[in-house]
Amino acid sequence: MWTTLLFASLPQAAQPLFVDDGQALGDVRTTCGTRAKDYILEVNGGGLALCDFDRDGDLDLLVVDGSTLERVKAEELGLPTRLFLNDGAGRFTPAPESWAMTPGRWGMGCAVGDVDGDGWLDVYVTHWGTDKLYLNRNGAGFLDASARWSLSGQRWGTSAAFLDYDRDGRLDLYIANYLAFDPATISPPGGGCAWKGFPVMCGPEGLTPLHDQLLANVGIASETQPGFRDVTVGAKVRPEEAGFALGVTTLDYDLDGDVDLYVANDSTPNFLWENQGDGTFKEVGLARGVAYDMNGKEQAGMGVAVGDVNGDGRDDLFVTNFSGENNTLYLSKGERGFVERSGPTGLAGPSIVKLGWGTALEDFDLDGDLDTFVLNGHVYPQADNAGTDTSYAQEAQFYRNDGAGRFRVEPLLADGRLVLRASSVGDIDGDGDVDIVAIELDGRVRVLRNTLARDGERKLNWLAVRLTAPDGNRFALGGRVVVEWEGGSRAREIRTSGGYQAAIEPLAHFGLGAATRARRVRASWPSGETLEVLDVPANQTLVLERPKAK
């Protein structure tokens with residue numbers, strides 16, 4: 001299924017919007033096996049989260065690290081997940097020892113949410129092995145609560161998403177699982193697996209996919225009572241055939257007030273889990289047009305982004321895919337589902353020769369509509385061989401929305417080709433525009449600073465909205481914000497999931513263009529309360545607390 005096509009190069013902007021700020025983090029690196037990539041376990045890289053863990057008003061950086069098969073064979077633990085605290089100006093330093101996180105076997109991705117409802121963001125880290133949960137001790141550090149909250153078991157988890165699927169005020173967890181991996185039973189390169197005539201590592205095709213999991217938060221965690229209960233079967237989130245899951249995000253695609261789930265699967269159809277409102281889900285990916293590409297063909301999905309691309313008030317979906325396949329944009333048609341519009345919007349052609357991973361839908365240039373980017377990099381070092389029509393290291397791409405339904409591709413960075421994987425986004429330096437942090441496989445973690453605020457040619461404005469609640473789902477995951485301004489409007493959902501093996505802050509960010517005020521901000525909480533605020537000045541973070549129920 002991995003056929004490569006060639007497209008002519010499109011005109012590129014002379015100056016990328018983002019610069020690699022090597023001083024912001026320093027030489028922080030992650031490990032994922034060897035550079036030879038003899039096994040599929042060594043391909044996917046680690047995870048990232050940009051969130052305010054110490055609640056000092058700026059975004060901190062969480063980096064999930066991996067391991068090597070040599071460490072595993074020696075029965076050594078993997079490398080620990082690390083937290084870097086923000087100094088308020090977008091510079092990160094290692095957090096004190098109280099924030100240290102005990103490692104697992106091989107870290108992959110992460111999810112962020114307030115598991116215990118105390119108002120502080122906690123972290124769930126997926127592994128090839130047993131997952132880990134770290135509770136935030138009121139901003140003083142992390143406590144490894146895996147024994148009391150996580151379920152035992154040796155799986156390969158990739159991305160994960162916190163959500164309140166049953167609307168009981170407690171955050172539940174969806175875990176995207178990849179495949180059953182045992183190095184003792186999987187052939188190394190030369191053992192029969194080939195790509196374009198070259199021997200390569202095996203998988204995912206030919207290996208066994210794992211079913212995803214839905215864990216319900218029962219609100220009590222003790223030595224005998226785990227805080228999460230596996231409700232995958234009871235909630236009907238278990239299809240007859242599992243997928244090779246790599247990306248997951250939450251959204252209320254049908255606007256019925258409960259949270260649905262979208263899963264990007266590698267080499268198998270994608271899933272759209274529609275919440276039935278009674279504690280169960282129904283898989284409707286095929287019926288709603290988001291399981292395959294426009295030709296009815298399954299793709300190798302990696303990362304997923306969600307946002308209101310065309311301003312109709314409904315979330316659209318964007319999925320990054322394998323080389324030889326275009327990245328896919330699914331535009332919402334309301335309750336009827338989605339329609340694939342990758343080609344007409346300009347997102348298909350430039351992506352064919354790339355292999356995409358981390359992504360997001362944000363208004364990076366603050367002109368009032370959503371842009372996107374894709375971090376690229378092949379899985380096979382053999383892609384550099386002659387005759388493959390692609391390469392191992394690849395250019396990252398920025399897709400700028402022209403406001404009329406098309407995207408123009410530009411270079412994301414001036415650095416040229418890299419092997420990139422996970423990304424997280426957020427305003428790390430407090431200047432109002434959205435920055436990116438990216439993992440370079442076998443390289444350093446890169447802070448990609450948005451330079452828009454330094455452009456003095458014209459002033460563009462923004463508004464960020466944060467929803468809070470005095471109890472339960474305190475960060476209002478699943479809440480919804482609609483902002484109207486002179487010249488436009490956008491709707492955004494509060495979530496911490498998205499991208500690939502990554503987490504983002506629970507905040508809705510809007511570019512307002514030249515508008516200096518928002519005419520109206522309408523917010524709704526998952527519990528049903530609503531609030532409307534008029535005439536809101538731009539260039540601020542507006543914090544709205546859940547009103548008391550009438």
Side-chain angles (χ1 to χ4, degrees), residues 52 55 57-59 88 119 251-252 255 257 306-316 332 360-371 401-404 425-435 450 452-470 473-495 504-550:
D52 187 3
R55 276 179 26 186
D58 50 45
L59 295 182
L251 74 163
D252 182 8
L255 297 183
V306 58
D308 180 10
V309 171
N310 54 7
D312 64 355
R314 290 181 176 270
D315 277 332
D316 309 301
S332 174
L361 281 165
E362 294 284 348
D363 189 357
F364 292 102
D365 56 8
L366 303 184
D367 64 352
D369 48 44
L370 299 184
D371 315 295
N401 193 329
D402 69 359
V425 299
D427 181 7
I428 64 173
D429 46 14
D431 62 1
D433 54 35
V434 179
D435 308 295
N450 191 328
L452 186 71
R454 306 177 195 179
D455 183 359
E457 293 183 5
R458 64 176 182 142
K459 176 65 175 175
L460 298 179
N461 302 296
W462 57 276
L463 180 68
V465 182
R466 190 184 310 279
L467 305 185
T468 66
N473 182 3
R474 297 212 182 198
F475 292 86
L477 269 62
R480 181 176 170 83
V481 179
V482 180
V483 173
E484 301 173 7
W485 65 92
E486 184 178 357
S489 67
R490 276 292 184 280
R492 304 227 67 175
E493 183 178 305
I494 304 296
R495 59 174 64 85
I504 57 175
E505 64 171 328
L507 175 139
H509 187 278
F510 302 84
L512 304 183
T516 59
R517 313 183 77 83
R519 291 175 171 173
R520 178 182 290 108
V521 176
R522 289 177 288 161
S524 58
W525 279 256
S527 49
E529 292 85 358
T530 61
L531 184 65
E532 184 174 290
V533 182
L534 303 178
D535 194 28
V536 179
N539 304 322
Q540 64 163 314
T541 297
L542 178 67
V543 180
L544 300 177
E545 184 171 347
R546 187 186 73 198
K548 294 181 179 180
K550 297 181 180 178

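Residues take their numbers from the sequence shown, with the count starting at 1. Being a predicted model, the structure only gives us computed values, none of them experimental.
To the nearest 0.5 Å, atom OG of residue Ser524 and atom CG of residue Asp252 are 9.0 Å apart. Expressed to the nearest 0.5 Å, how far OG1 of Thr541 lies from CG of Asp427 amounts to 7.5 Å. Taking CD1 of Ile428 as the start and CG of Asp435 as the end, the distance is 4.5 Å to the nearest 0.5 Å. Between the CZ atom in Phe475 and the CG atom in Leu467 there is a gap of 11.5 Å [rounded to 0.5 Å]. Rounding to the nearest 0.5 Å gives a distance of 8.5 Å between CG of Leu460 and CG of Asp363.
Take Arg490 and apply the side-chain hydrogen bond (donor to acceptor under 3.5 Å, both in side chains) test, not counting sequence neighbours, and it matches no residue. With sequence neighbours excluded, the residues forming a side-chain hydrogen bond (donor to acceptor under 3.5 Å, both in side chains) with Asn539 are Asn461, Trp462, listed by chain and number. Under the rule for a side-chain contact (heavy atoms from CB on, under 4.5 Å), the partners of Asn401 that lie at least two apart in sequence or sit in another chain are Val309, Asp369, Asp371, Phe407.
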Distance-only criterion, 3.5 Å: show the donor-acceptor pairs between side-chain atoms of residues 476-488 and protein atoms not counting sequence neighbours.
{"residue": "Arg480", "atom": "NH2", "partner": "Gly313", "partner atom": "O", "Å": "2.4"}
{"residue": "Glu484", "atom": "OE1", "partner": "Arg520", "partner atom": "NH1", "Å": "2.7"}
{"residue": "Glu484", "atom": "OE2", "partner": "Arg522", "partner atom": "NH2", "Å": "2.8"}

Quiz: residues 509-516 side-chain donor-acceptor pairs under 3.5 angstrom, not counting sequence neighbours:
{"residue": "His509", "atom": "NE2", "partner": "Gly432", "partner atom": "O", "Å": "2.9"}

Checklist line | Evaluation steps, side-chain contact (heavy atoms from CB on, under 4.5 Å), between Leu534 and Glu532 | finding: CA-CA 7 Å; Leu534 303 178; Glu532 184 174 290; 3.6 Å; yes
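Note on residues 307-316: pairs passing salt bridge (charged side-chain N to carboxylate O under 4.0 Å, His left out), not counting sequence neighbours, are Asp315-Arg495.
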